[in-house]
Every structure is written in structure tokens, then in C-alpha cells.
There are 2 protein chains.
Amino acid sequence: MGRRTPSNRPTLARVAERAGVSVSTASLAFSGSGPITPETRDKVFAAATDLGYTGPNPLGRQLRRGRSGIIGVVIGDHPRRAFRDPVAVQVLDGLVDALGTEKLGVLLIPGVDGGEDAVDPLIETAAMDVAVLVWGVLTKDPTLAALQRRDVPVVVGEGRAVEGAPLVALEDRAGAAEAVRHLVELGHTRIAEISLPFGRGERSGPVDADRISRADRTPTVHRMAGIRDVVEPVITWETPASLVEHGRDAATEILGTWVPASERPTAIVAHSDLLAAGAVIAARELGLRIPEDVSVAGFDGLDLPWLSPDVLTSVHQPLREKGTRLGQAAIGLLAGEEPTSVSLPVGLVPGTTTGPAPVG
Amino acid sequence: MGRRTPSNRPTLARVAERAGVSVSTASLAFSGSGPITPETRDKVFAAATDLGYTGPNPLGRQLRRGRSGIIGVVIGDHPRRAFRDPVAVQVLDGLVDALGTEKLGVLLIPGVDGGEDAVDPLIETAAMDVAVLVWGVLTKDPTLAALQRRDVPVVVGEGRAVEGAPLVALEDRAGAAEAVRHLVELGHTRIAEISLPFGRGERSGPVDADRISRADRTPTVHRMAGIRDVVEPVITWETPASLVEHGRDAATEILGTWVPASERPTAIVAHSDLLAAGAVIAARELGLRIPEDVSVAGFDGLDLPWLSPDVLTSVHQPLREKGTRLGQAAIGLLAGEEPTSVSLPVGLVPGTTTGPAPVG
DNA sequence: CGGCGCGGTCAAATCGATTCGACATGCGCT
DNA sequence: AGCGCATGTCGAATCGATTTGACCGCGCCG
């Protein structure tokens with residue numbers, strides 16, 4: 001059991017030789033399915049254990065098969081930021097699970113810092129049978145372009161459909177509309193919006209109609225549209241990422257210094273639960289009662305025990321299912337099925353953070 | 001630009017043929033380093049773009065090289081649980097970064113639900129040049145055993161050293177001792193401990209000396225030892241995972257019903273920041289002031305904006321650096337260097353959650 | 001003017017497996 | 001007894017690249 005150098009690692013050929021059979025027969029023995037007598041198979045296995053051979057070398061098998069068994073998962077940012085959002089984590093979980101049933105592995109591909117057209121080198125060179133673009137594609141997406149050049153089949157989560165690629169979407173627009181309708185029914189008229197990022201750049205602050213019209217990122221665009229299906233927000237605040245601190249900063253401005261108290265928004269709808277949680281914390285810090293003074297609605301349906309005693313009113317999404325669907329879409333593509341797209345339903349679940357609008 | 005079936009995907013041989021050169025020359029052209037005239041190279045590149053060839057097939061290259069360019073990262077649990085802890089996310093981030101510099105990719109390998117000896121199929125069959133066991137190894141670890149059988153070099157984070165494998169550890173014991181010493185210096189004598197899991201099983205509740213002695217998981221064991229280097233806790237509460245809700249549950253018991261108020265612990269030291277945050281929330285819910293009535297110290301040094309206005313007193317660890325060191329260790333192994341281990345320093349950073357022990 | 005060396009190109013071996021078609025054996029059936 | 005078929009085994013081709021060593025022609029130097 002000493003250390004072995006790569007060069008003396010046993011191969012199928014050596015096993016076959018030792019077992020006194022041909023390489024093909026040895027291969028058949030390991031594949032398990034071919035026609036082979038039990039004795040021959042045992043002979044091969046015995047030789048294998050003698051030599052310390054633990055099964056076919058994946059590299060050889062992959063080359064022959066023309067498949068790597070690897071699915072590239074493009075998370076669009078550095079892990080520390082992408083996974084700071086529990087939403088991404090749950091989707092990934094479903095994805096890993098679904099792919100695991102087919103013995104497919106997940107190769108993590110981070111986004112890049114670089115300029116406009118920069119893509120991670122893995123996109124260009126890594127072996128993968130399918131790539132999953134979890135957070136959709138931009139209108140001119142260098143990552144998508146590189147994958148298409150390489151003929152790597154693609155599965156898209158969220159947003160814009162790509163020719164020949166299955167799309168797994170959520171009913172963002174309807175869900176956002178539902179959340180705002182809930183607020184309107186409670187009597188709110190001055191509703192502020194805290195939004196997800198609009199595009200590549202990192203910006204934060206209030207936005208005007210012009211910038212809104214140029215938003216280029218998919219959950220953002222759909223959720224903004226859904227909100228506007230019901231009401232026009234009194235203000236829209238862009239954030240650089242779905243993180244508690246950004247929601248807190250935005251709400252501190254919106255509820256604090258932005259307008260005189262008499263014109264203060266009575267409700268905030270945020271594009272994500274983390275942003276909404278930040279808004280709740282900001283309201284607490286400003287001495288505002290929730291929901292008596294201000295209502296807050298989120299989006300995602302996360303379980304946030306640390307927000308206790310408040311429970312967010314939120315639009316629940318089947319996040320894990322989104323992951324499993326993405327995985328199944330990838331598997332389907334490998335099986336040669338025609339790409340089919342789905343849009344998963346979402347639904348409002350009221351919590352303790354929304355209530356009737358204050359009178360006057 | 002129509003769809004191509006795998007069979008008519010261009011190969012280096014076809015490019016060479018079209019360019020009127022040999023395969024070896026074409027290969028040289030793409031490798032970039034070989035001796036070749038600019039004209040020949042351009043001829044090859046022109047033929048390549050004609051055919052839509054985007055570079056050597058990774059599978060062929062990998063087989064020849066004997067390297068897959070993939071590092072398996074064993075996270076020891078399902079992603080939704082492993083990555084719910086920001087600690088894991090930061091380590092992963094450093095790891096991905098470090099490996100990215102060498103164009104190595106991260107293959108995510110989850111833990112399994114199954115019985116004692118179950119391992120993820122990827123462990124047995126996936127191609128990987130090195131495996132990183134981020135959260136250490138158990139005393140009898142089926143994952144480690146499977147990897148050793150396959151001759152996959154291993155890098156270990158945390159805990160027990162493995163023969164021939166670099167170990168990247170943190171000075172857990174000293175850090176834990178420092179945290180408790182801080183509490184003792186503040187006058188605390190009744191100190192409770194909320195601990196990380198002891199082993200595979202999911203248990204929660206107070207533990208006795210016998211169970212403590214049988215703990216088999218590395219950060220847990222070291223942190224317990226460090227605490228006991230300074231003081232014996234009045235109670236140790238085991239939790240099934242490093243999550244806010246478990247810390248909250250534990251602290252609710254410890255500070256609430258467990259003993260009469262006069263004997264209530266005046267300080268809690270938790271093995272992680274998420275557990276500590278849960279304890280802070282529990283204290284708030286019980287109407288206890290922090291730090292006047294109860295002090296809470298954590299471990300990890302996370303940034304937890306949602307705990308505002310409190311800032312945890314915590315032992316800061318270089319988590320991202322742990323990740324980069326793990327990555328560098330893997331790279332070193334691939335380069336044939338002798339495995340070397342490191343232990344990274346940690347340090348107490350006082351926040352607002354610890355203060356002098358209440359008098360009486 | 002001849003030989004040496006070097007830059008550039010190429011043929012062939014190699015990485016480790018899978019799989020197709022051929023082949024040998026033995027059995028059953030007429 | 002002879003034919004055909006099923007069963008099990010094997011040889012050889014193949015997947016797509018990298019790399020070594022041979023080879024060739026040309027320029028430079030003695």
C-alpha cells in the first residue's frame with residue numbers, strides 16, 4: 001500500500017493480463033452489463049484487487065464516451081457573494097441533488113471581475129457536457145457567447161429565453177403584482193420600492209424613469225413590471241446586491257431623510273427578502289413600529305430566524321424546485337430530448353410585517 | 001452556425017488537414033510555446049476559424065496529460081446546509097480563487113444521507129487530481145478511505161492530520177481559550193457553552209462528561225479543549241448544526257428554564273457566531289439586556305449586519321485565507337512538492353455583546 | 001566549398017478505456 | 001449426423017489530443 005506514482009498505477013490492460021483474459025473481456029466485467037460468465041468476472045475482479053485497481057480511469061472512459069459527466073454551473077459572481085444569498089444556495093442544492101441521481105457532478109464557475117467581455121477561463125477550456133446559467137443571461141452576454149462558440153448546450157434559469165436552450169423561470173411578475181396588491185388592499189398608497197441590481201455595474205440610490213427603462217437583468221425587470229401592473233411606486237431605490245445591509249441603507253434613506261414624515265411611504269416592497277429584512281431593521285432603528293407605522297413585503301420566501309419576532313410577508317418561490325428543474329433540463333438535453341421550458345408558480349404568504357395603512 | 005452533432009465537431013486532425021500541415025504542427029500552433037513560424041501558425045488558426053474549431057478538446061488533452069484539472073471539494077453535507085453557514089462560503093471563496101489562478105476547477109461533492117459507510121458516487125468515480133476535505137476527517141472516514149483506495153491525493157482542512165496529506169488548521173484551541181479568558185477577566189464565573197456537533201448524528205441538548213469525551217469532530221474537540229484550558233463551563237449544550245435557530249433554542253433553555261434565575265449563567269461562549277447570534281436573539285426575547293445581564297461571545301468573526309445594533313464579540317479567523325491555503329496546498333501537491341501543513345492564527349475581537357459580570 | 005548546427009516540420013507512439021464485428025465452442029433440434 | 005444458433009471471448013479500431021525523436025534544408029563558419 002505504499003505510494004504509487006502515476007506511471008505504475010494499474011490499468012485495465014494490466015488487470016486483463018494478470019487475469020489471463022483480453023482487455024475487452026476485462027472491460028465487460030467492469031461494465032457489469034455485458035455477457036460474461038461469473039467465473040471469468042470473478043477472475044478479473046480478483047486480479048483487480050491483487051493489483052489495487054479500483055475501477056476504470058475516468059479520463060479514458062470520458063474520452064471514449066465523449067462525455068465528461070460534468071455540468072458547469074455559472075453562478076455569475078464570486079462564491080462569497082453569490083452564496084451569501086440563501087436563494088442561490090437553495091437553488092444550488094436542488095441542482096446538485098437532481099444531477100446526483102445521474103452521477104453528474106457540478107463544476108462551480110464563478111463570475112469575473114474583469115471588463116465587459118471577460119469570462120472565467122473555465123468557460124473557455126473546462127470539460128462540461130452542459131452549462132447551467134443559473135441567473136439568466138444579459139442581452140449581450142460574453143459567457144453565453146463563449147459557450148455557444150464551443151457548442152456547449154446551455155440551460156437558462158430566469159429571464160430571457162435563448163434559442164435551443166431550456167428556460168426555467170419563475171412567475172416573478174405575477175408574484176410581485178400579488179405582493180403589491182396585498183399592500184394596496186391594506187390601504188397603502190405611498191409605496192416605496194427597493195430593487196435588485198439593474199445590470200452589471202454596482203449602483204445604489206434612487207433611480208429615474210430613464211434608468212428604469214434601461215434595466216437589463218431579469219428578475220429585476222420582471223419584478224418591477226409586476227409592481228407597476230398594480231401601482232406606481234413613489235420612489236424606486238436601486239441596490240448593488242441582494243444583501244441585508246443594502247436594504248437597511250436604502251430604507252434608512254427612504255424612511256428617514258428623504259421626505260418629511262407626513263409624506264413618508266407607509267409601505268415598502270422589496271425585490272428580495274434580504275433587502276426586506278434590511279428594511280425591517282432600518283425601521284426598528286428609526287423607532288418605527290412594524291407594521292403599525294410601516295409595512296414591509298419581500299420576495300423569495302426565505303426562512304429568516306434572526307428576524308424574530310417579525311416574520312416577513314413574502315412571495316414564496318419554489319427555490320429548491322427551480323434547482324431540480326434546472327438539473328432535469330440539463331439531463332434532458334444530454335438525453336437528446338427537445339428543450340422544454342417551464343415557469344414555476346409563486347404565491348404570497350403573509351407574515352407579521354404587513355398591516356393596515358396608518359390613518360391620516 | 002447551425003447545430004452541430006458531436007460527430008461532426010471539428011478536431012485538431014481536421015484543422016491540420018485543412019491547413020495543410022500535420023497534426024503535430026497544428027497542436028504546436030495551439031500550445032503556443034513550440035517552435036513554429038508565424039505564417040504556419042496563422043494558417044492553422046485560419047483553418048480553425050473556418051471550421052469553427054475553438055481549441056483542443058479538453059477530454060483528449062486530459063487523457064494525454066493524465067490530469068483532469070479538477071479539484072474535488074468535499075463539503076460534507078448538502079449545499080443548502082453546508083452553505084447556510086457563511087463560514088463555509090468564505091472558505092469556498094478563497095479556495096475557488098486560489099485554484100482559479102492555475103485554471104483548476106472546483107467540483108462540488110456533497111455529503112450523503114446514507115448509512116455509516118455511504119459516500120457520494122462522485123467520490124468513487126469522478127475524475128479529480130486532488131480532493132480537498134474542507135471540514136476534516138472523522139476517525140474512521142469512509143470518504144477518506146475511498147479516496148486513498150483510488151490514490152487521489154488529499155488536502156485536509158481542520159483537525160486530524162492524515163499521512164502524506166497537507167493540513168490547513170486554525171488555532172482553534174488558543175482562540176477558544178482567549179475568548180473565555182476575556183469573559184473570566186470581566187468577572188464571569190458561571191459560563192455556559194453552546195457547542196458545535198460532536199459527530200455524525202444529529203443531537204441537541206445538554207451533554208455529560210462521558211459524551212464529551214467521545215466527541216469526534218475537529219473544530220468541536222479543539223474549541224472545547226481551549227475553553228477548558230481556562231475554565232470548566234457550568235453546562236455544555238450540544239447542537240446539531242451551526243445555525244441561528246439552534247443557538248436560539250439552546251440559549252432559551254440555558255437562560256430560561258434550566259436553573260433558577262439566581263444561578264443563571266452570566267455568560268455564554270458559543271462555538272460559532274451563528275450559534276452566538278441565536279443566543280443573543282434568545283436573550284432579547286427573554287427580556288435580558290446584553291451585555292448587562294448576560295454576555296455572549298462567539299467564534300468565527302463573521303459580519304452579521306442583521307444582529308444590529310449588537311456587534312458580536314468573536315474570535316476572528318482568516319476564513320478566506322484558509323480557503324486560499326487549501327487551494328495552494330492542492331496546487332503544491334500537483335506540482336509534486338512535499339506536503340506541508342500550516343496552522344493559521346486567530347484573535348479575539350471584542351464587540352458590544354460582552355461586558356462586566358453583573359454584581360451579586 | 002564542405003560540414004555543422006539549428007529552426008521548423010512531421011510521423012508515430014501514447015494516454016486508458018469502450019465497443020463492434022468476428023470467431024470459437026457447445027448445445028439442441030430435426 | 002449435421003445444421004444453426006446462442007453464448008462467451010477476443011482483436012482491432014476509435015475517441016482527440018500531446019510529445020518525442022527523426023528528418024530536412026538552409027545558413028553560417030572555417
Side-chain angles (χ1 to χ4, degrees), chain A residues 4-44 47-48 51-69 124-129 150-151, chain B residues 4-44 47-48 51-69 124-129 150-151:
Chain A
R4 273 185 295 231
T5 61
S7 56
N8 67 2
R9 178 174 306 207
T11 71
L12 191 56
R14 300 251 295 272
V15 172
E17 186 187 23
R18 172 156 190 139
V21 301
S22 76
V23 193
S24 353
T25 304
S27 175
L28 255 17
F30 278 101
S31 88
S33 58
I36 201 167
T37 54
E39 301 91 70
T40 322
R41 192 173 13 142
D42 291 347
K43 217 163 45 179
V44 173
L51 263 46
Y53 181 84
T54 50
N57 179 325
L59 262 26
R61 176 207 287 267
Q62 284 172 18
L63 174 59
R64 185 63 239 249
R65 284 252 162 94
R67 292 257 172 104
S68 64
E124 307 273 19
T125 61
M128 47 188 155
D129 299 338
R150 283 185 62 188
D151 273 334
Chain B
R4 272 185 295 233
T5 60
S7 56
N8 67 1
R9 180 173 304 204
T11 70
L12 191 56
R14 300 250 295 272
V15 171
E17 186 187 21
R18 172 153 190 142
V21 301
S22 76
V23 192
S24 354
T25 304
S27 174
L28 256 17
F30 278 101
S31 88
S33 58
I36 202 168
T37 53
E39 301 92 69
T40 322
R41 190 169 17 135
D42 290 347
K43 217 165 44 180
V44 173
L51 265 44
Y53 180 84
T54 51
N57 179 324
L59 263 26
R61 175 207 287 271
Q62 285 171 17
L63 173 60
R64 185 62 236 255
R65 285 250 163 94
R67 292 257 172 104
S68 64
E124 306 273 19
T125 61
M128 47 188 154
D129 299 338
R150 282 185 63 189
D151 272 334

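Proteins get letters first, then strands, A, B, ... in listed order; numbering begins at 1 in each. These numbers were taken from a predicted model, which means no experiment stands behind them. Values below: every heavy atom of this structure, side chains too, minus hydrogens, waters and symmetry copies.
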Residues pairing under side-chain hydrogen bond (donor to acceptor under 3.5 Å, both in side chains) where one sits in residues 16-28 of chain A, two or more places apart or in two chains, turn out to be R18(A)-D50(A), S22(A)-S24(A), S22(A)-T25(A)

Check nucleotides 13-15 of chain C against the protein and report each pair of N or O atoms closer than 3.5 Å, with its distance, or say if there are none.
unit_1: dT14(C); atom_1: O2; unit_2: R64(B); atom_2: NH1; d: 3.3

Atom CG of L12(B) and atom P of dT19(D) are separated, to the nearest Å, by 12 Å

As a check of understanding: the bend across the helix from dC1(C)-dG30(D) to dT30(C)-dA1(D), end axes from five pairs, rounded to 10 degrees, works out to 50°

Sorted by chain and number, sequence neighbours left out, side-chain hydrogen bond (donor to acceptor under 3.5 Å, both in side chains) with T40(B) holds for T37(B)

Separation of dT14(D) atom P from L59(B) atom CG, nearest Å, is 19 Å

K43(A) NZ to dT9(D) C1', in whole Å, measures 10 Å

When rounded to whole Å, the CG to P distance for the pair L51(B) and dG16(D) reads 14 Å

When rounded to whole Å, the CD to P distance for the pair E39(A) and dG8(D) reads 10 Å

Name the atoms and distances for all side-chain donor-acceptor pairs under 3.5 Å in residues 55-62 of chain B, with sequence neighbours left out.
unit_1: N57(B); atom_1: OD1; unit_2: L59(B); atom_2: N; d: 2.7
unit_1: Q62(B); atom_1: NE2; unit_2: S68(B); atom_2: O; d: 3.3

Taking only nitrogen or oxygen atoms into account, show me every contact under 3.5 Å that the protein makes with nucleotides 23-28 of chain C, one pair per line with its distance.
none

Does a side-chain N or O from S27(B) land closer than 4.0 Å to OP1 or OP2 of dA17(D), or not? no

Between T11(B) and Y53(B) the two heavy atoms that sit nearest each other are C-CE1, 3.6 Å

Can you give me the N/O atom pairs linking the protein to nucleotides 4-11 of chain C at distances under 3.5 Å, or say none if there are none?
unit_1: dT9(C); atom_1: OP1; unit_2: T37(B); atom_2: OG1; d: 3.0
unit_1: dT9(C); atom_1: OP1; unit_2: T40(B); atom_2: OG1; d: 2.4
unit_1: dT9(C); atom_1: OP2; unit_2: T37(B); atom_2: N; d: 3.2
unit_1: dT9(C); atom_1: OP2; unit_2: T40(B); atom_2: OG1; d: 3.4
unit_1: dC10(C); atom_1: OP2; unit_2: S22(B); atom_2: N; d: 3.1
unit_1: dC10(C); atom_1: OP2; unit_2: T25(B); atom_2: OG1; d: 2.6
unit_1: dA11(C); atom_1: N7; unit_2: S24(B); atom_2: OG; d: 2.9
unit_1: dA11(C); atom_1: N6; unit_2: S24(B); atom_2: OG; d: 3.0

dT18(C) OP1/OP2 closer than 4.0 Å to side-chain N/O of R61(A) = yes

| task | Tell me whether the OP1 or OP2 atom of dG16(C) has a side-chain N or O from Y53(A) closer than 4.0 Å. | result | no

Tightest non-hydrogen contact, residues V44(A) and A19(A), listed as CA-CB, 4.0 Å

Rounded to the nearest 0.5 angstrom, the CZ-CZ distance for R9(A) and R150(B) is 8.5 Å

Rounded to whole Å, CZ of R41(A) lies from C1' of dT9(D) at a distance of 15 Å

From CZ of F30(A) across to P of dA17(C) the rounded distance in Å is 9 Å

Residues I36(A) and R41(A): closest non-hydrogen pair is CG2-NE, 4.1 Å

